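Take a look at the structure set out below.
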Amino acid sequence: MIETRGLRKSFTSRRGPTVEAVRGIDLDVAEGEIFGFLGPNGAGKTTTLRMLATLIEPDGGEATIAGADLRRAPGEVRRRIGYVAQGGATWDDSTAVEELVLQARLYGVSRADAHARATRVLDAFQLSEYADRKCRTYSGGQRRRVDIALGIIHEPRLLFLDEPTTGLDPQSRAHMWGEIRRLRDEGMTVFITTHYLEEADALCDRISIMDHGDIVASGTPAALKRSIAGEVVRVSLLPEFVSAAATVLASYKTDSFEDSLRLHVDDGAAAIPDILRLLDAASVPLAGIELHRPSLDDVFLTKTGRSLRESAE
Amino acid sequence: MKFVRDTWLIFENQMRLLLRNPVWVLVGVFQPVMYLLLFAPLLRPALQVSTDAEAYEIFVPGMLVMLAIFGGLFQGFGLIAELRAGVIERSRVTPVSRLALLLGRTLRDVVSLVAQAVIITLLALIFDLRVFLGNLLLAYLMLALIALMTSALSYGVALRVRSEDALAPLMNTVAQPVLLLSGILLPLTYAPGWLQNVAEWNPFSWAVDGTRALFRGDLGAPEVWQGLAITAVLAVLAVVWAAREFARSVR
Ligand SMILES: Nc1ncnc2c1ncn2[C@@H]1O[C@H](COP(=O)(O)OP(=O)(O)O)[C@@H](O)[C@H]1O
Ligand SMILES: [Mg+2]
């Protein structure tokens with residue numbers, strides 16, 4: 001459904017250095033899957049999506065989107081995709097119906113058909129009772145649902161959703177996941193970006209992890225986690241004891257953080273008593289210890305040396 | 001055909017949003033009426049004319065041109081709000097004609113300016129202004145072309161600078177000299193020679209002279225066709241440039 005080769009984009013501003021936002025990425029998105037782009041803020045997710053949606057021109061590389069060539073037939077790409085921007089796209093003074101009818105008509109749909117479609121998507125997104133209210137009166141979750149309804153009003157085969165759940169409360173987020181799965185089950189290919197690990201893990205069929213404009217890993221969430229051998233023991237400490245503990249535990253493969261260490265071990269249950277013994281012998285006070293199975297954050301950490309959870313907060 | 005339909009769709013939506021907010025009608029008419037009531041009476045002695053009607057014949061066209069210039073130049077603010085809300089980007093992912101995105105909006109500006117001009121002309125009739133209908137329609141055409149040019153210009157600049165803080169001083173720097181060097185408020189007949197020479201280079205000065213000739217009933221005056229030709233050419237240039245800004249791929 002999407003195939004890119006060497007897609008890249010850099011921004012030059014009059015002041016300041018050139019930012020290489022996307023550094024030549026290869027993507028293969030299959031039809032009918034929820035594909036996720038996971039990465040911290042500034043990784044280049046939005047820039048990639050804006051290129052794929054014909055909003056900015058790539059500096060280099062090739063892309064075929066829903067069977068149309070991005071460079072040679074951008075008009076054809078526009079007809080086949082839906083795009084929902086990170087910041088939303090509703091006008092405060094318009095009502096949801098007005099926005100939906102206008103959007104459908106911009107895609108060439110007749111007036112009568114546009115109204116029929118608006119009614120249908122409002123129904124599907126459980127927005128019917130607010131349909132004639134101005135967008136300014138909507139809650140965050142309702143507004144986000146209107147955004148997505150706008151993105152699918154012309155029934156595209158491929159939908160881009162840039163951070164669809166950022167800023168939503170947990171309940172609205174769960175609701176949104178349901179909507180996105182429903183679209184996939186109806187046969188649409190959905191390409192989302194997110195910086196939430198749980199979202200990439202629970203919602204996406206396949207993901208690519210992006211950092212500093214590069215894709216650092218791709219695969220199903222399960223396969224990516226399996227690729228991290230062993231388990232992780234997280235040792236929480238007061239900041240002043242971190243370096244002492246790292247010295248004591250030098251025999252383990254260790255990543256140091258401000259107030260913790262992460263130890264990569266083959267078998268956590270066996271390693272924990274040994275770790276406790278070593279720390280105790282060196283009189284290093286312990287704030288906490290926990291064992292966890294590899295998460296997508298561990299994948300990110302292994303590939304980039306940083307924690308996504310910590311860089312997101 | 002698609003282009004005409006797209007332009008209409010954008011125009012229709014913009015018009016609906018404009019009419020939803022009737023405050024602009026009050027603001028847009030209240031201020032000119034104040035000028036008519038309070039400023040114009042001072043003009044009779046200043047212009048050395050014998051009747052109020054003559055004073056209005058000179059003052060009203062100048063004021064209408066001023067409204068067209070200012071009304072147009074400040075339309076960019078609305079566009080920046082739309083950019084910020086993401087509405088423009090949402091339109092740009094659809095196959096809609098890029099020229100239609102611009103023209104639909106400038107046409108709204110033209111229609112609201114002409115409506116404003118009609119209301120002011122009707123009020124001026126009460127103050128004994130007299131003008132032939134045919135000439136008046138040509139004067140409205142001139143105003144429409146000016147509004148088309150200035151609003152397109154403002155949209156183009158807004159797409160470039162993308163912030164109100166940058167747009168406001170820019171538009172003021174353009175508007176001030178244009179206003180002072182065009183004889184809009186008072187004809188430059190009594191101005192010193194150097195000022196008249198500078199005004200020669202101000203297209204709006206030609207537009208004002210043409211509009212005044214029309215209100216005077218002097219359809220055959222060369223200022224009429226010269227003013228129309230200059231504003232028409234500039235309006236086309238402004239529209240072409242701004243439409244390209246709409247098509248350009250930037251954030
Ligand atoms: N229009 C632009 N001009 C300059 N720099 C930009 C522009 N858009 C994005 N960037 C830069 O490109 C990088 C990637 O940004 P973005 O694609 O928005 O990341 P993400 O969506 O993953 O948070 C960032 O460093 C950002 O500052
Ligand atoms: Mg982003």
Side-chain angles (χ1 to χ4, degrees), chain A residues 9 11 13 21 46-47 49-59 68 73-95 98-111 114 134-136 143 146-147 150-151 153-154 156 159-160 162, chain B residues 1-24 77-105 107-108 112 159-163 166 244-251:
Chain A
K9 177 81 194 172
F11 294 104
S13 54
T46 297
T47 305
L49 244 60
R50 285 165 52 81
M51 281 194 281
L52 298 179
T54 76
L55 288 168
I56 48 176
E57 216 171 311
D59 292 340
E76 202 46 51
V77 173
R78 286 186 196 121
R79 260 182 285 277
R80 296 178 191 186
I81 64 163
Y83 171 80
V84 178
Q86 188 170 350
T90 43
W91 185 243
D92 276 350
D93 272 340
S94 296
T95 68
E98 287 168 351
E99 291 285 57
L100 287 163
V101 169
L102 173 67
Q103 189 76 357
R105 302 209 67 206
L106 291 180
Y107 281 101
V109 173
S110 75
R111 187 183 296 272
K134 290 186 184 172
C135 292
R136 72 161 88 248
R143 208 162 174 149
V146 177
D147 285 333
L150 284 165
I153 189 82
H154 57 299
L159 177 65
F160 292 101
D162 200 356
Chain B
M1 195 52 227
K2 170 174 181 300
F3 158 71
V4 175
R5 179 181 182 275
D6 286 354
T7 306
W8 175 255
L9 285 174
I10 302 291
F11 171 74
E12 192 186 27
N13 185 56
Q14 293 289 332
M15 249 358 248
R16 188 181 51 232
L17 291 169
L18 182 67
L19 293 175
R20 181 162 297 172
N21 217 346
V23 184
W24 72 272
F77 288 101
L79 185 67
I80 288 177
E82 288 192 279
L83 280 168
R84 189 160 297 140
V87 177
I88 301 297
E89 183 151 295
R90 189 183 101 205
S91 321
R92 285 181 61 239
V93 288
T94 73
V96 69
S97 147
R98 312 290 124 147
L99 181 57
L101 289 179
L102 171 73
L103 272 188
R105 288 179 170 81
L107 284 183
R108 170 205 57 190
S112 73
L159 286 168
R160 281 257 162 147
V161 302
R162 282 161 190 265
S163 99
R244 283 173 57 168
E245 289 296 318
F246 261 96
R248 245 171 50 131
S249 316
V250 283
R251 179 173 285 243

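Since this is a predicted model, take the numbers as computed values, not measurements. Convention: sequence-line order gives letters A, B, ...; per-chain numbering from 1.
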Closest non-hydrogen atom pair, [X] against [Y]:
X        : Y         : answer
Val93(B) : Tyr107(A) : O-OH, 3.8 Å
Arg90(B) : Leu102(A) : NH2-CD2, 4.2 Å
Ala89(A) : Gly86(B)  : CB-O, 3.5 Å

Test of understanding: with ring pair (Phe, Tyr, Trp, His ring centres under 6.0 Å), list the residues that count as partners of Tyr83(A), not counting sequence neighbours.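 Partners of Tyr83(A) by the ring pair (Phe, Tyr, Trp, His ring centres under 6.0 Å) criterion come out as none, since no residue qualifies.
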Mind checking what makes ring pair (Phe, Tyr, Trp, His ring centres under 6.0 Å) contact with Phe3(B), not counting sequence neighbours?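 Partners of Phe3(B) by the ring pair (Phe, Tyr, Trp, His ring centres under 6.0 Å) criterion come out as none, since no residue qualifies.
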Is Arg16(B) atom CZ crowded by more than 12 heavy atoms from other residues, nucleotides or ligands, each under 6.0 Å away?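 For Arg16(B), atom CZ is crowded (more than 12 foreign heavy atoms under 6.0 Å).
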For each of Gln103(A), His154(A), Arg79(A), tally heavy-atom pairs with chain B at distances under 4.5 Å, and name the one with the top tally.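 So the answer, after comparing Gln103(A), His154(A), Arg79(A), is Gln103(A).
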Which bit of [X] comes within less than 4.5 Å of chain A, counting heavy atoms only: side chain, backbone, both or neither?
X        : value
Ala81(B) : both
Arg20(B) : side chain
Arg84(B) : neither

Tell me, side chain or backbone of [X] under 4.5 Å from chain B's heavy atoms, or both, or neither?
X         : result
Leu150(A) : side chain
Arg80(A)  : neither
Leu106(A) : both
Glu76(A)  : neither

For chain A, which residues from residues 4-14 of chain B have at least one heavy atom closer than 4.5 Å to it?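 Counting heavy atoms that sit under 4.5 Å from chain A, the residues of residues 4-14 of chain B involved are Arg5(B), Leu9(B), Ile10(B), Glu12(B), Asn13(B).
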For the atom pair CZ (Arg92(B)) and CD1 (Ile56(A)), what is the distance rounded to the nearest 0.5 Å?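 Here the interatomic distance stands at 9.5 Å.
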Quick check for you: among Ile88(B), Asn21(B), Val96(B), Leu17(B), which has the greatest number of heavy-atom pairs under 4.5 Å with chain A?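 Greatest number of close heavy-atom pairs with chain A: Leu17(B).
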Considering residues at least two apart in sequence or located in another chain, which fulfil the salt bridge (Lys or Arg N to Asp or Glu O under 4.0 Å) criterion with Arg78(A)?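 Partners of Arg78(A) by the salt bridge (Lys or Arg N to Asp or Glu O under 4.0 Å) criterion come out as none, since no residue qualifies.
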